[in-house]
There are 2 protein chains.
Amino acid sequence: MSKQAAPLSLDFTAATCCPPLTQQRVPGEAAAALAPAFKALGDPVRLQLMSMIASAEGGEVCVCDLTPAFDLSGPTISHHLRTLREAGLVDSERRGTWVYYRARPQVLRQLAALLAVEPTAPAGR
Amino acid sequence: MSKQAAPLSLDFTAATCCPPLTQQRVPGEAAAALAPAFKALGDPVRLQLMSMIASAEGGEVCVCDLTPAFDLSGPTISHHLRTLREAGLVDSERRGTWVYYRARPQVLRQLAALLAVEPTAPAGR
DNA sequence: ACGTTGCTTAGACAAATGTCAACCTAGGGG
DNA sequence: CCCCTAGGTTGACATTTGTCTAAGCAACGT
């Protein structure tokens, strides 16, 4: 458990990314590293899962609380969670009978930074 | 041209979205509306296209400047641009022989807002 | 030891996606 | 007119994705 999705080498800790999309062209390498994270958020179910996990009290949620929130089979939810995990967006940990997921704020922050846009302000803020 | 992707009804102008993922659970409807935008950014080529468009001088780029930047056929680039358009991320306009794309900052802003995370600060902001 | 509950893995399958070659449309110049 | 260039559309194809059922592994209760 707590797989870091070895082959992805997202290296989110470093300068893989960051200057906003709108400020500087994203080089191919960075795009290849970051796209999977967006792709993972590109499914309605996973986007909801992500928000349920990220907004959870105590910073974590039991899978047993996630599964019943959707009209989908357990394996399907598990599959989506794996996708989020492999995209580096969440981490999982087994404690006793249950498995808990928690968000990785660093990654979210970096994605948000990438999408950042100058404030609408036409004049000087 | 300048298609607004009619059937999508993203309604990005209103409260379709916005409170950060980490603050509040994204309801299914909002997730369904927002996921396509993330999905559109979930391909390396499109992520690069998006950044080339969004960071362009003058706020717009000619397709003729985008296509040669990739090792892909014209139709393929055209297809990716259409995907970005239908996701509401960009707009296109024909002027004479050439077609220009420009970013829709509102949407980027909303996506960024959704991913926003509290500053790392463990203590009082 | 056995059965139960929670979650993941494996396999299968229809649907969606990324890519290309071929064709088509728009606009500009001879 | 005809042709040339810039892009988009169509149709085909292999690959990936979302979903399920069936089977597996892990922890707990009895």
Summary of protein contacts for nucleotides 25-30 of chain D, nucleotide by nucleotide, where a base hit scores B, a sugar-phosphate-only hit scores S (4.0 Å, heavy atoms): --SS--
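One finds no salt bridge joining B:Arg85 and B:Asp91 here, because no Lys/Arg side-chain nitrogen approaches an Asp/Glu carboxylate oxygen to under 4.0 Å.
For the pair B:Trp98 CH2 and D:dG7 P, the computed distance is 8 Å after rounding to whole Å. Between the CG atom of B:Leu84 and the P atom of C:dG18 there is a distance of 11 Å, given to the nearest Å. What separates CD of A:Glu86 from P of C:dT8 is a distance of 12 Å, to the nearest Å. Remark: P of C:dC7 and OH of A:Tyr100 are 9 Å apart, rounded to the nearest angstrom. In this entry the distance linking CD of A:Glu93 with P of C:dC7 reads 14 Å, nearest Å.
OP1 or OP2 of D:dG7 has not a single side-chain nitrogen or oxygen of B:Tyr101 nearer than 4.0 Å. Contact check, B:His80 against C:dT19: a side-chain N or O comes under 4.0 Å of OP1 or OP2.
Residues A:Ser51 and B:Gln24 come closest through the heavy atom pair CB-O, 4.3 Å. The two atoms that bring B:Val61 and B:Ala56 nearest to each other are CG2-CB, 3.3 Å, heavy atoms only.
For the contact set between residues 60-73 of chain A and DNA chain C, defined by any heavy atom under 4.0 Å, the members are A:Cys62, A:Val63, A:Cys64. Of the residues in residues 39-57 of chain A, A:Lys39, A:Asp43, A:Arg46 come within less than 4.0 Å of DNA chain D through at least one heavy atom, sorted by number.
Positionally, the nearest nucleotide of DNA chain D for B:Leu81 lies more toward the 5' end than for the other of A:His79 and B:Leu81.
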